Structures are given as C-alpha cells and as structure tokens.
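Below, each value reflects all heavy atoms present in this structure, side chains not excepted, and no hydrogens, waters or symmetry copies. Numbers restart at 1 for each chain; the letters A, B, ... are given by sequence-line order, proteins then strands. Model, not experiment: these values are computed from the prediction.
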Number of protein chains: 2
Amino acid sequence: MGAGETGVIGRATLEDVARAAGVSLATADRVVNRRDGVRDKTIARVEAAVSRLGYRADPAAARLARNQNFRFLFVLPSGANSFMTMLAEQVARTAEWLAAQRAFIDVEHVDVFDADALARVLEGVLPGYHGVATIALDHPRVRAAIDDLADRGVPVVTLVSDVPSARRLHYVGIDNPAAGRTAATLMGRFLGGRQGVVAVIAGSLSLRDHAERLYGFNQVMAREFPDLIMLPAVQGRDDNEQTLAATEALLRQHADLVGLYNAGAGNRGIAAALQQAGRAQEIVWIAHELTPHTRRFLLHGEIDAIISQDPGHEARSAARVLLAYCSGDRLVADQERIGIDIFLRDNLP
Amino acid sequence: MGAGETGVIGRATLEDVARAAGVSLATADRVVNRRDGVRDKTIARVEAAVSRLGYRADPAAARLARNQNFRFLFVLPSGANSFMTMLAEQVARTAEWLAAQRAFIDVEHVDVFDADALARVLEGVLPGYHGVATIALDHPRVRAAIDDLADRGVPVVTLVSDVPSARRLHYVGIDNPAAGRTAATLMGRFLGGRQGVVAVIAGSLSLRDHAERLYGFNQVMAREFPDLIMLPAVQGRDDNEQTLAATEALLRQHADLVGLYNAGAGNRGIAAALQQAGRAQEIVWIAHELTPHTRRFLLHGEIDAIISQDPGHEARSAARVLLAYCSGDRLVADQERIGIDIFLRDNLP
DNA sequence: CTGTTAGCGCATTCAG
DNA sequence: CTGAATGCGCTAACAG
C-alpha cells in the first residue's frame, strides 16, 4: 500500500504533445524550447497541442538530459566579523544543497575594504564559472570589473553590499536606508520623550551600506524626533578595539548621551565601554546583525533592538538567483526579497 | 586561485560506484538505497566505493526513474479575512512551483471555527493523498482525525494554528506566546512611561493561537510594565463589525485608554472606532498580520507596529516539508522556521 | 524544415 | 544473493 496508485493523471509528456500534433518528438521539442527552424504552421499546431493537453515540461528530466553542471564563485570577505562568519557558514551549507541540483560553488576570500584586491579577484574570474556572487564595494574599479563580467556573459549578484550602478543581475540584501530609518524610529520611540544626545557609529563612512544606514537614520531622526541632539557619526572600522575606544570617547564627552546606534560591527567593543561606564542599561542601544554576541547583549538588556538580515536566506537566495538565471527558470520574486528583521528579546529565533 | 580542483566537473555516478566496487549497477543501487538482499561483504565494498568517490545520488534522475507523483491536500478556512486570503493565494502560487516537482495540491475550504466540520474533512481524506496541510483547531475530534491520518501513514503538517498534542509531522507557523510577548514589549516601550489602561482584543479565546498570544502579552506586561493597567480581553470574532463595537465600548468606558493590542483580525473595525473617537494617533495600537489594510493603518500612523508571519513562506514551507518527507529528502531546518516579523512603517516590504 | 536515435543517472523488473 | 535489461521525459547530435 502506501504510495497509492499513481492514478491516471500522469501529466502529458512531450511525446504526447508530439503525437497529438502529428509531429516528431524533436519538432515538438523545438517549438517548446523556442528554437528556430520550424514552419509557422507546425509551430501553431504544436502550440495548440501544448495548450490542449496542458503540457508542462518536467525540469528534472530536462536537466538530466542536458547533463549540465554549473559552477559559481562566491567572493566573501576575509576579515571575519561574526556576521561574515555566519554568512560563510551558510554559503557552505547552501553548497551542499546546490550540489544536489548539479551546481557547485567555490569560495574565495578577499579583504572587503580593499577595492583593488576585490577588483583583481573579479577581473581574474576564470572562464568556466557560470556565475559570481560577491560582497561588493562601491568603487569605480569594482564596478568596471562587474561590468566586464556581465559583458563576458557571466551573471553577477551582489551580496549584502550593492553597487547599484554596475550591471549586476541582482542585489541580494536589505534596503539599507530603510534599515537606518527603522533604527531611528525604534530609537525615537524607545526614548519616549527623553532628552539628550544620540550618537552614531559606523564601520566606515565610505562603505555604501553603512553610509546609507546613516542617511536613513538621520533623515528620520531629524524629521520625527527633532528634540534629540544628533552627534556626527564616528568610525569604528568594524573592529572591537577601535569601536571600544570610540565609545569611550563618546561617553566621556557626553554625560547626557541617551542613545547609541551602531550601523556596523564591533559591538563587543561597545558593550565593554558601556559596562565599564555603568551606563549599559540606561542608554538605548540599537545594533545590526543577530550574532551570538549581539544576541547575548540583547538578552541582557544592553542592546535594545537588533536590526538584522538573515545570512542563510541571503546565501540561498544568491544561489537560487544564479541557478535560475543559468537554467532559464523563473523565480518566485517575493521569496528572494531579503527582509529587514527587527529582533527584540522576545522574538529571537 | 579560482576553480578549486574538483578536477573533472562531472561527479561520480552510481555506475562509477558499481564499477569501482566490482559489482553491478543493481547491486550498487541496493546498498545505496538500503534495500536488503546483499551480503555484508559486498555492502561494505560498495560503501567504501561510495565514500571514496564521494558519490551523491542525483535526486532529479531518481525522481525521473521512479516516475512518481505526489498529491497533497491543503485544508484552508472558508471564512476569508485578509490574511487567510493571502495565504490561499500563496498556496495557489506554491502549487505552480510544486507542479514542476511532480507534486500536486488540492485545496479544500472549511469553516475554521467549526471543529466538527474540520474533523469531518480530515476524516474523509481520500486515499491517494500523500500528505495533508491544515489550519488546525485544538479540539479532541480534530486531534483524533490527525492521529488517524498519521496511522494511515499520511503525514500532516499543521499550518498557522497548531495542535501540539496530535501526531502531526510538523508545525508551520510562529511561536504565538513569543509573538504576544513581542507585542507587549513594543507596547510598553512605545508607551514610554505613560500611565493608563491597556486593552486587548482577540478573535476568540478558544482559538489556541489567540489564547497563546494573550498569555505571552499578559506575562510580559505584568512583569515588565506593572504600572499599566490591563483590561480583561474582549472577543471580536475576527469580524470587523463586532470588533468595531467592542472597540467603541472600550473607548467609551475608558477615557484613559492608552494602548490597544489586537491579537486577532478585524482591524478595520478598530480603525473605524478610533477614527470616530478622534483618538487614533494618541493610542498605541499593535496589530497582527501585514495585509493591505493593516499596512495602510501603519503608514497613516494609526497602527504603531504589526506583528506578522509571512504567508508565502508558510505555504512554501508546508509544501517543502511534505515533499521532503515523501521523497525521503533532508530539509534545511532553519529555512523552515517561521519568524515573528515586526513591521514599522520604515521596514515594510 | 523535420524525423531518428542515442543517451543523461537512476529504479526496477526479471533472470540467473 | 546478484546482474542484465528496460524505461522515465527530455535534449542533442545526426540524418534525411
């Protein structure tokens, strides 16, 4: 028993279509796959049969017959903060899944802050790769490298950080200005009328995603919460040491600091500084990316909210987009939209 | 750099394994698929070859050879609030995708509030279905029906609303107590020290998911924000009219109403009542499920935050879980975890 | 322009 | 217990 009789409805096959249209399998295949070399009349006959029988190609069989493998290159940062480490792990996990789809990925690590190094890797992508996913950097040389790949017919998707002006196939990541606005709204509302100074830290102001977050943050703070005093953004280089120092300086200079938004990494530095100053609980601190560390700080009530993106989702999405492009499949658009997640300690995964 | 040496791009096939082990294709297949009738010695030989060559079955080829179709039944509510309508749409969209995987889904509608009707549908599931996904209802008869299906070997996944005590394969939905706690934290923090009364509306207190949300909400309110006065929950039956009436009553009786949490549907009723009373902007209102209506209320500043779940994700997840179970594939656990989404007007999709 | 044929990698009879 | 043979639905040469 079990798998009940496969019943009758074994759907129409290409052969059924061919027979119904009175042509050969090959011809049916030609029109279904929009290859030329078929008279308009027979095209019409076949298409009629297709819609009459409700034919839908079996992609599994097609891939098997085509016997084609894909090879993708993922370019990830070598400097490993927690989020990037998680991303790398998820890419590895995705690789297993992809292998089942006859697609393989190689990973190459490069210093994200170094545009030339990144561009060099992109420029040197070997032929034989069917697609590239990369953490991008908004720099002319990087943009040029991406465009060159596009010219060579290699689709590239940008991951986490975008280069909108390049001819990339797709951007897999969050809307960063919106993420900044989200942080600002939470900041303003959590502060609930308290007066004082709000500071902002970023990894680097020349990283597009960080800059965009600040832009969004400042926009909403100015418009919605004009009573709060915004400090100019300081840089922490996504590094715990430097962020610690920066935070200490802020605390020293502003006794009335009530809010802190870190648009980049280095949260352990902030935690250390706040704890040392004994002001961890009173200051509203909003951070990015759910990692083991930020999770702990959130649970302890130091971080008040985390704005995040799901690295697993991003890795899978990049792979799906590349694969769909290469094999001509459609993709479910809203499955590929990366959401701006908000985590409080109550809705942690 | 570049293409790590996977050497030749084609991976090992079962035939390669067979040859390497010095057995026939059939025998290799027997051990790979754990069928018996093979001597331990040859099993060992084959397994050695498998791991030596790093063999991984090609699922596409396997499905093709097996030539098997699956048929699933989705049981959805007939009473159509916006969220359920969206869910139904997403199920339809998922069906298209599933068809490509040789799996087909039928949808049956039933009144969710009627346990007997639901149980009847579940009891009457025709043989020939390989799996069932259903919006459940925590009722003995429904539980029994689910267990019967399980006994018949039909996997069932509960969707959106769970019956934890039943032998369902999987629950696809959010952690509702946690959702309630999330709402409470937002409520308390958005109120930022304001004093007054907080009201709660639910569709029905006998719906497990609504009850759980209230439980979580009350828990956090009592523990974290003891100064706010909690009103006993009122029922709106997930209906705009009744929810309107309930809200009007609340507004009439409590001039000091500062917060409103709706754990169910019927948000249009609330909006109407608040607008009429002219208190839409001052009351912190937290609602569930992002729909065209709640989105509008959020953008207009009436709703302050929406706690949500992604119906597209849920529909796809239910399908994937069923399909993976039926075809013996593993699934990516954390792709199937349904998150508790928080939407402010800044991070709307 | 159209048809014939030989696989793709695997599951499954049916013999031995 | 094991092996040879057949076919799933489709693609891709290669003939006509």
Pair up each side-chain donor or acceptor in residues 43-52 of chain A with any protein partner under 3.5 Å, not counting sequence neighbours, and list the distances.
unit_1  : atom_1 : unit_2  : atom_2 : d
A:Arg45 : NE     : A:Ala21 : O      : 2.9
A:Arg45 : NH2    : A:Ala21 : O      : 3.4
A:Ser51 : OG     : A:Ala48 : O      : 3.2

Interface polar pairs with nucleotides 9-12 of chain D, N/O, under 3.5 angstrom:
unit_1 : atom_1 : unit_2  : atom_2 : d
D:dG9  : N2     : A:Ala61 : O      : 3.4
D:dC10 : OP1    : A:Tyr55 : OH     : 2.4
D:dC10 : OP1    : A:Asp58 : N      : 3.3
D:dC10 : OP2    : A:Leu14 : N      : 2.4
D:dT11 : OP1    : A:Asn33 : ND2    : 3.4
D:dT11 : OP2    : A:Asp29 : OD1    : 2.4
D:dT11 : OP2    : A:Asn33 : ND2    : 3.1
D:dA12 : OP2    : A:Arg35 : NH1    : 3.3

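- Look at B:Thr42 and you won't find any side-chain N or O under 4.0 angstrom from OP1 or OP2 of D:dC1.
- More than 12 heavy atoms of other residues, nucleotides or ligands shown are found within 6.0 angstrom of CZ on B:Arg35.
- Residue B:Ser24 places no side-chain N or O under 4.0 Å from the OP1 or OP2 atom of D:dT2.
- By the 4.5 Å heavy-atom criterion applied to side chains, B:Val32 and B:Tyr55 are counted as neighbours.
- Heavy-atom minimum distance, A:His130 versus A:Cys326: O-SG, 3.4 Å.
- Checking side-chain atoms of B:Thr42 against main-chain N and O of B:Val38 turns up no donor-acceptor pair under 3.5 Å.
- Taking both residues in full, the closest heavy atoms of B:Arg102 and B:Asn67 are given as NH2-OD1, 2.8 Å, listed atom of the first, atom of the second, then distance.
- Counting 5' to 3', DNA chain C first comes under 4.0 angstrom of a heavy atom of chain A and last does so at the ends given by C:dC1 to C:dG9.
- Panel note: side chain B:Asp147, backbone B:Arg167; a donor-acceptor pair is recorded below 3.5 Å.
- Other residues, nucleotides and ligands contribute more than 12 heavy atoms inside 6.0 Å of the CZ atom of A:Arg152.
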